Number of protein chains: 2
Amino acid sequence: MFTTIKTTKVYEQVIKQIKGMIWDGTLKTGDKLPSERDLSSQLGVSRASIREALRALEVVGLLDCRQGEGNFIRKNFENSLFEPLSIMFILNKSKPQEIFELRRVIEVETAALAAKMITEEELKELRELIEKIREYGDEDIKARLDKEFHFKIAKASRNSLIVTILNTISTLIDSLIKDARFQILKNESNKDIIDYHHNCIYNALERHDSQEAATVMRMHMELINENLIKLS
Amino acid sequence: MFTTIKTTKVYEQVIKQIKGMIWDGTLKTGDKLPSERDLSSQLGVSRASIREALRALEVVGLLDCRQGEGNFIRKNFENSLFEPLSIMFILNKSKPQEIFELRRVIEVETAALAAKMITEEELKELRELIEKIREYGDEDIKARLDKEFHFKIAKASRNSLIVTILNTISTLIDSLIKDARFQILKNESNKDIIDYHHNCIYNALERHDSQEAATVMRMHMELINENLIKLS
């Protein structure tokens, strides 16, 4: 009996080589790739195959292709997961609730990690953010500060992968529900309770109490998710 | 003063349209796309742009492009996140530890969710898996069953997004450390403690005790991560 021969597409081999060069350090973030013409002759494949590979790597978020300047390995990688995650979300036919839940799942244990690692400087910044969120009248500004509050806690976990994924999920939720934070913060009955939650989270982080940080973050995210479900 | 004009690339517009058709239900998973020629005339863009878009969507995991058959919206989406997550991992220069930690972060709260949702049937399957893991002599089989144990708990969370992401992370860890589960299970001093952990997790799930499920899963993942760090 014959067995099927797996044909690897040419552009897949090009992607594999570029990934390999990043992996072994030959290419670093910010580096410019050789021109399409040079890549084509170095790899011995057509320029069309090179172009296919480069486009795919651009969509995935690995390359920044600037017209007239060339193709660069991305430096700022913060939102790169957005594309594939959003596509997965669409194809999975996930309910928005699953996305909210995923964020909750990650934020709860991230708060526990943050409680272990957070510095005095970061605590001071969180303290200031809580005060500003309480004092500002403008819900647009509040919404921006609230996002910053959660982002700072994620950063305090010292895990850049977690920061990237939470940013991606946050962007995804923003694209699903316009002005979600704005609307939640605008709701009078939420104002005091959100301020109370923020303070509880802060106190747990200040005491470096991981378990308490997880518990109060869970309570906070449950309130937020109830609000998001109403809005979605 | 002039402001910069943002030029959208043609293939990006093609991707946008295809995504839109999936979003509004015109295209469903398993559906075949029109031919390159038809797409080109329907969208009024060159076949080269169509091809760029299709390749990119294939790499992202949205399309399955079968030579001679055509381009299909992917049905099986389980490992699609692998590519972008692994690229992110490479570019971020993340330590393997960050990946292990991300898995722990997600698995702990996933166990809490599973405790709420798990059925009698699923509990029975977990019970059987624990017994088999204990009894089998072959570490290769143990490793496969152990993976199945964690997968079943993720599925019991009823959140398909969490299942997909945990699968992706698991594949990524497998590619970083060859035979990690095998080696951890082979270690004599781990055998009894892993069996004990599995039983604790099962008992918490059976009592539908979310907090306990999270606590014992955290304990279990900490042991696993300590082992992974030694291996990496």
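Every chain is numbered from 1 and lettered A, B, ... according to where its sequence line falls, protein lines coming before strand lines. Bear in mind that the values here come from a model prediction, so they are computed numbers and not experimental data.
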* Asked: What is the minimum heavy-atom distance between A:Val105 and B:Thr110, and which atoms define it?
  -> CG1-OG1, 4.2 Å

Do [X] and [Y] touch side chain to side chain, with heavy atoms closer than 4.5 Å?
| X | Y | value |
| --- | --- | --- |
| A:Glu109 | B:Arg218 | yes |
| B:Glu101 | A:Arg158 | no |
| A:Leu113 | B:Arg104 | yes |

* Asked: For B:Lys16, does the NZ atom sit with more than 12 other heavy atoms under 6.0 Å from it, leaving out its own atoms?
  -> no

* Under 6.0 Å from the CZ atom of A:Arg66, do we count more than 12 heavy atoms belonging to anything else shown? -> yes

* Can you say whether B:Val108 sits under 4.5 Å from chain A via the side chain, the backbone, both, or neither, judging by heavy atoms? -> side chain

* Give, as side chain, backbone, both or neither, the part of A:Gln211 having an atom under 4.5 angstrom from any heavy atom of chain B. => side chain

Working to the nearest 0.5 angstrom, can you tell me the gap between [X] [atom1] and [Y] [atom2]?
| X | Y | atom1 | atom2 | answer |
| --- | --- | --- | --- | --- |
| A:Ile169 | B:Ile165 | CD1 | CD1 | 6.0 Å |
| B:Tyr11 | A:Arg51 | OH | CZ | 12.5 Å |
| B:Ile106 | A:Ile106 | CD1 | CD1 | 4.5 Å |
| B:Leu102 | A:Thr164 | CG | OG1 | 10.0 Å |
| A:Glu98 | B:Asn159 | CD | CG | 4.0 Å |

* **Identified side chain to side chain contact (heavy atoms under 4.5 Å, CB included) partner of B:Arg55 from the options A:Arg55, A:Glu12, A:Glu52** => A:Glu52

* Set of side-chain hydrogen bond (donor to acceptor under 3.5 Å, both in side chains) partners for A:Gln13, sequence neighbours left out -> none

